[in-house]
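The basis for the numbers below is simple: all heavy atoms, side chains too, and nothing from hydrogens, waters or symmetry mates. Start at 1 and go down the list; that is how both ligands and their atoms are numbered.
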Amino acid sequence: MRYRLGPPLITATEIQARIQELATIISSDYADRDLLLICVLKGGAMFWADLCRALHIPCQSDFVAMESYREATSPLAEPRFTKAADVALADRDILIVEDIIDTGHTSARLRELLWAQSPRSLAMCALLDKAERRQVDTAIEYCGFIIPNAFVVGYGLDYAQQYRHLAYIAVLEGVLED
Ligand code: IMP
Ligand code: MG
């Protein structure tokens, strides 16, 4: 099987318009709070960069990275941080900035790990929600787009570390070799 990039599923213009809408809602919800954006590397980086610049309120940012379920040393082991937050999270209003919620496992585990550090509040802002694929219930307080069950790349999301730089989201299509 080879793969090729399909046409844009969500264009750069649509992404930027939705980010402005989300930023307006978040700016209103977090006015006079102590907002700390926690960007989940690597996929959330481009979304974080645009979202934080569209906010109308002060905020701080930090970055975490998670071991994936596939990389976990044993199937029973819960994924850990490969990079934890540098700043103290106690009593902060934390908004996680994620690229995509698929099965929900990563997000559910991430919420557990962050809650253990006693923030005042914790919410999720995910650009994409592949809702049909959910295996674990996990809240998404701010969602960019609900998408169908397909493997997507671009705007931070990768396949084998490729395609992250695209300004839009596209489906990676499988092509049978002849
Ligand atoms: P989960 O299944 O919700 O735990 O998602 C785990 C991670 O898989 C996400 O944070 C993404 O990094 C990655 N992922 C899931 N679906 C896609 C996709 O369609 N394209 C690229 N990465 C994906
Ligand atoms: Mg991710």
Among the heavy atoms of [X], does any lie under 4.0 Å from an atom of ligand 1?
X: G104; value: yes
X: A150; value: yes
X: K130; value: yes

Looking only at heavy atoms, is any part of [X] under 4.0 Å from ligand 1, and if so is it the side chain, the backbone, or both, or is it neither?
X: V152; value: both
X: S107; value: neither
X: D158; value: backbone

If the cut-off is 4.0 Å to any non-hydrogen atom of T103, which atoms of ligand 1 fall inside it?
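In order of number, 1 (P), 2 (O), 3 (O), 4 (O).
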
Distance under 4.0 Å to a non-hydrogen atom of L157: what atoms of ligand 1 satisfy this?
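In order of numbering, the contacting atoms are 20 (N), 21 (C), 22 (N).
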
Decide whether I146 and V136 are clustered together by the hydrophobic rule: side chain heavy atoms of Ile, Leu, Val, Met, Phe, Trp, Tyr closer than 4.5 Å, transitively.
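No: no chain of side-chain contacts under 4.5 Å links I146 to V136.
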
Regarding atom 13 (C) of ligand 1: of the candidates I100, V40, D102, which has the closest heavy atom?
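Checking each option, the heavy atom nearest atom 13 (C) of ligand 1 is found in I100.
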
Kindly identify the option in I101, N149, T106 whose heavy atom sits closest to atom 4 (O) of ligand 1.
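Among I101, N149, T106, the closest heavy atom to atom 4 (O) of ligand 1 comes from T106.
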
Does the distance from a Lys or Arg side-chain N to an Asp or Glu carboxylate O, for [X] and [Y], drop under 4.0 Å?
X: D129; Y: R134; answer: yes
X: E98; Y: R111; answer: no
X: D34; Y: R92; answer: yes

Give a yes or no on whether N149 atom CG has more than 12 heavy-atom contacts from other residues, nucleotides or ligands under 6.0 Å away.
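Enclosed.
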
Hey, does I147 have a side-chain heavy atom less than 4.5 Å from the side chain of I169?
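They are not in side-chain contact.
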
Ignoring hydrogens and angles, tell me if any N or O in the side chain of D158 forms a donor-acceptor pair with the backbone of R164 under 3.5 Å.
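No, the answer is negative, given that no donor and acceptor are paired below the 3.5 Å cut-off.
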
